[in-house]
Protein chains: 4
Amino acid sequence: MARPQDPRAKIELLKAAEAVFVEHGLDRAKVEEITARAGRSKGSFYLHFASKEEAFRQIVETLVARLSSCVDDPPPPGSFDLEELFEQQLQRGVETFEFLWVNRGVVGLLLCGGGSASFGYLIEELEQQYQQVIGRWLRWGVAQGIYRKDLDIELISLALAGAYDGLARRVVRQTKRPDLRAMVLEMERFTARAVGTFEYIAQFDCMVRNLERKRKQ
Amino acid sequence: MARPQDPRAKIELLKAAEAVFVEHGLDRAKVEEITARAGRSKGSFYLHFASKEEAFRQIVETLVARLSSCVDDPPPPGSFDLEELFEQQLQRGVETFEFLWVNRGVVGLLLCGGGSASFGYLIEELEQQYQQVIGRWLRWGVAQGIYRKDLDIELISLALAGAYDGLARRVVRQTKRPDLRAMVLEMERFTARAVGTFEYIAQFDCMVRNLERKRKQ
Amino acid sequence: MARPQDPRAKIELLKAAEAVFVEHGLDRAKVEEITARAGRSKGSFYLHFASKEEAFRQIVETLVARLSSCVDDPPPPGSFDLEELFEQQLQRGVETFEFLWVNRGVVGLLLCGGGSASFGYLIEELEQQYQQVIGRWLRWGVAQGIYRKDLDIELISLALAGAYDGLARRVVRQTKRPDLRAMVLEMERFTARAVGTFEYIAQFDCMVRNLERKRKQ
Amino acid sequence: MARPQDPRAKIELLKAAEAVFVEHGLDRAKVEEITARAGRSKGSFYLHFASKEEAFRQIVETLVARLSSCVDDPPPPGSFDLEELFEQQLQRGVETFEFLWVNRGVVGLLLCGGGSASFGYLIEELEQQYQQVIGRWLRWGVAQGIYRKDLDIELISLALAGAYDGLARRVVRQTKRPDLRAMVLEMERFTARAVGTFEYIAQFDCMVRNLERKRKQ
DNA sequence: CATGAATGAGGGTTCATTCAT
DNA sequence: TATGAATGAACCCTCATTCAT
């Protein structure tokens, strides 16, 4: 019977908070600016968040959780269709980068130490997780015979994680939407050449040509 | 403001400031903690720096300037000894990463958005600069016939800059000094495979073998 | 503001308010805690009280009013039965202390400056009133020839009011119900000795013995 | 070499704080008002006190400590000059009440629950301590044969402590300095009559007369 | 009338910066 | 020049009160 809670309130506050955090970082963001942008009173902020940090945490943790689910482990050993798998991974990659692009504000924040010294651990964990998945793919590729046997997995996964990481940083910094598909494809090609056997490189180029042909139809 | 007499004062303050900035970020760093660590008075800080931000700027700009000089453009067209050049670049890369390692505190700060939303432009400029140099090397390599002709220079330079960037981030985060030389060599190998012609890749492996042989003597 | 319908509401709110005020004092008591304890909405509080202070005032003023009626003036000059009078006063005193004990929460609050600097006047007035009644009894006793003629009424009434006051403070602070009758009786004995003539003291002891004999039957 | 700390600062702040706390109680006192009255900046308050509560605690604990030392235990068994002892105790009492009068602001605050629900324990402890000392004097007096043997020490000490307590409350509330000596003397007389044997009461009156005679010379 | 979401004034505390010594 | 005491603007958060439903 009481005034029903405005369902847009929290969403608008989160949106405003996101914008302000992106603009100023956690420490310089003012709760008052957040609420002003959301067109609400200062007090309303505390109806939805226990503190400024709490709102920040909510924003970045949500993002991290979604980014965390953006990578697949390699399939279990057994028969599989390489071309299909490649297409899947490419699709996955594009989706991920699209997600990054759409959320480039907060992602930028997150990649920059979380806007505050105290949230760096989040991105560190995420990057470590990514690097480990890459490591597993590398080992899988070696086992499949498509990647070179002499890879220093530790170093290469570091470099590859770094390459994707750096790419992500650059994407979120753009002002115009880049051709994300081309970008991911190029990264795949890049990776294939860096770690693939000569045979696989040829096979890879062939897969890419097939893919492009399909798309044009 | 006249130059103060005691030259150690500023150095000690900078050292302390660096440590405190690294630990807490610009916004949460307290001038008092800086001066306390430097064993100086709070007032002395303002004899050397106009403000907290100014000290921060000095620290990061100095670092950026030195990092900025860590890359060489490719040599002008004409004859050159590829092996010597490779060795030079390798050497350069190791030195750069050693510098990063030694200054890993501030570099980490810098890579994390400068510890505050307002210094991100510094690292952005630096990364852009690196990417451009990489782009020039790529074009040079293509012109030399050692890199593949079908490279999307824009994308590849982005990816490579990202890879080095990501590697740097991971290095400065380590607690134990990694084998930097192996790391740089691996990155070179990685790059060579990613962008080199098949011929060059073979030549590259050969160069690496020669190099290792020399080192052992 | 029309009288609200639900009469239990106000009672429950007053009970809850009393508890919360006793626990935290006026300033630190939160309206929300009061309504939560009363199982009502925050808004309902303002249907019954104009403000938090108003509720507080209502609680303490009610108490003060009832405490105010706990003392009798001495009887008019003329004949009277001293033993009966003594018994009446003793009874009255016990009832008063029982009332204090039952309401020890709010009484404690009231005696402690009203939980806030702004309600001290209430207790001051009450204590002054008590002191004056005591003064009248003293004068009456002197006139009756049962109290010593050389009493400094002003001072003695001050001391006696203080003694009862202090006793009240101690009673409301107990966790177990003390023997209130013994307490009041002791105070009466104490008073009798302090202000009575030697004759009256003997008479008093006799009255007490009679009383105790009656009670045992 | 730096600006020396103004030695009056803390004292002035304490004085101002005392006044403001007395006026409004802990919760309603504003740090800003304290510093304004002390003619200082708001920040200066925090150079001397960790928090508003801390300043409050300092003020009341100091007072309690001094009040705590205002009572003497009875002398050890053995011979002693009763008149001298009486004179000493009278003197002691007068000094105590003079101290209360001089500090009537804070004492009033203290007696009113410490101005906040959370400091009540201080006065409770103090009052308990006083009551115990009174109990020891009573036992001593009984042992000396000057107090009646049938005293309910527990109750009487409660009543006496209450009487002094109530007196103190009334004293600190006065606007004009009362005749403290007369007051204490009357309390002594009051006590003597309440608990003394008939013999002692006579002796007491005699001591008082001697004392008054001495004073007039 | 009853509800509880929304409001926003208010105040404690921090800390960069100034400045008297 | 060097010091560190003093300053006061800034800002988070609380909570009494209002009011739309």
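Chain identifiers are assigned alphabetically (A, B, ...) following the order of the sequence lines, protein sequences preceding nucleic acid strands; residue numbering begins at 1 within each chain. Owing to the predicted nature of the structure, the values given are computational and were not obtained by experimental measurement.
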Engineer: Quick one: which of Glu18(C), Lys10(C), Glu12(C) gives a side-chain contact (heavy atoms from CB on, under 4.5 Å) with Leu14(C)?
Structural biologist: Lys10(C)
Engineer: Once you round it to whole Å, what is the distance between P of dC11(F) and OH of Tyr46(A)?
Structural biologist: 12 Å
Engineer: How close or far is atom P of dA6(E) from atom CZ of Arg8(A), stated in whole angstroms?
Structural biologist: 10 Å
Engineer: Can you tell me how far C1' of dT7(E) sits from CG of Leu13(A), to the nearest Å?
Structural biologist: 13 Å
Engineer: Tell me: CG of Leu26(B) to P of dC15(E), nearest whole Å?
Structural biologist: 13 Å
Engineer: Tell me which nucleotide, if any, is Watson-Crick or G-U wobble paired with dA20(E) when both distances must be under 3.5 Å.
Structural biologist: dT3(F)
Engineer: Give the rounded distance in Å between these two atoms: NZ of Lys10(D) and P of dA5(F).
Structural biologist: 13 Å
Engineer: Run the salt-bridge test on Arg37(D) and Glu33(D) with the 4.0 Å N-O cut-off and return the result as yes or no.
Structural biologist: yes
Engineer: Does a distance-only test, which skips hydrogens and angles, find a donor-acceptor pair under 3.5 Å between the side chain of Lys42(D) and the base of dG11(E)?
Structural biologist: no
Engineer: For DNA chain E, whose closest nucleotide is more 5', that of Ala9(C) or that of Phe45(D)?
Structural biologist: Ala9(C)
Engineer: Let me know, please, whether Ser41(C) or Ser51(B) comes out on the 5' side of the other along DNA chain E by nearest nucleotide.
Structural biologist: Ser41(C)
Engineer: Out of dA6(F), dA6(E), dT17(E), which nucleotide sits closest to the side chain of Asp6(D)?
Structural biologist: dA6(F)
Engineer: Grab the CD-P distance between Glu32(A) and dA10(F) for me, whole Å please.
Structural biologist: 12 Å
Engineer: Glu54(A) has an atom CD; how far is it from atom P of dC12(F), in whole Å?
Structural biologist: 16 Å
Engineer: Closest to the Leu47(D) side chain: dA6(E), dG12(E), dA5(F)?
Structural biologist: dA5(F)
Engineer: Across the strands shown, which category fits Ala29(D) at heavy-atom distances under 4.0 angstrom: base, sugar-phosphate, nothing?
Structural biologist: sugar-phosphate
Engineer: Report the distance from atom CZ of Arg40(A) to atom P of dA6(E), rounded to the nearest whole Å.
Structural biologist: 7 Å
Engineer: Mind checking who dT14(F) pairs with, Watson-Crick or G-U wobble, both distances under 3.5 Å?
Structural biologist: dA9(E)
Engineer: So which one's nearest nucleotide on DNA chain F is more toward 5', Arg28(A) or Gly39(D)?
Structural biologist: Gly39(D)
Engineer: Which nucleotide sits closest to the side chain of Lys52(C): dA6(E), dA16(F), dT3(E)?
Structural biologist: dA16(F)
Engineer: More than 12 heavy atoms of other residues, nucleotides or ligands under 6.0 Å from CD of Glu32(A): is that the case?
Structural biologist: no
Engineer: Check the pair Glu61(B) / Leu122(B) against side chain to side chain contact (heavy atoms under 4.5 Å, CB included), numbers first and verdict last.
Structural biologist: CA-CA 8 Å; Glu61(B) 281 188 347; Leu122(B) 273 171; 4.1 Å; yes
Engineer: Please test Phe99(C) against Val107(C) for side chain to side chain contact (heavy atoms under 4.5 Å, CB included), starting from the C-alpha separation and ending with a verdict.
Structural biologist: CA-CA 10 Å; Phe99(C) 179 77; Val107(C) 175; 5.5 Å; no
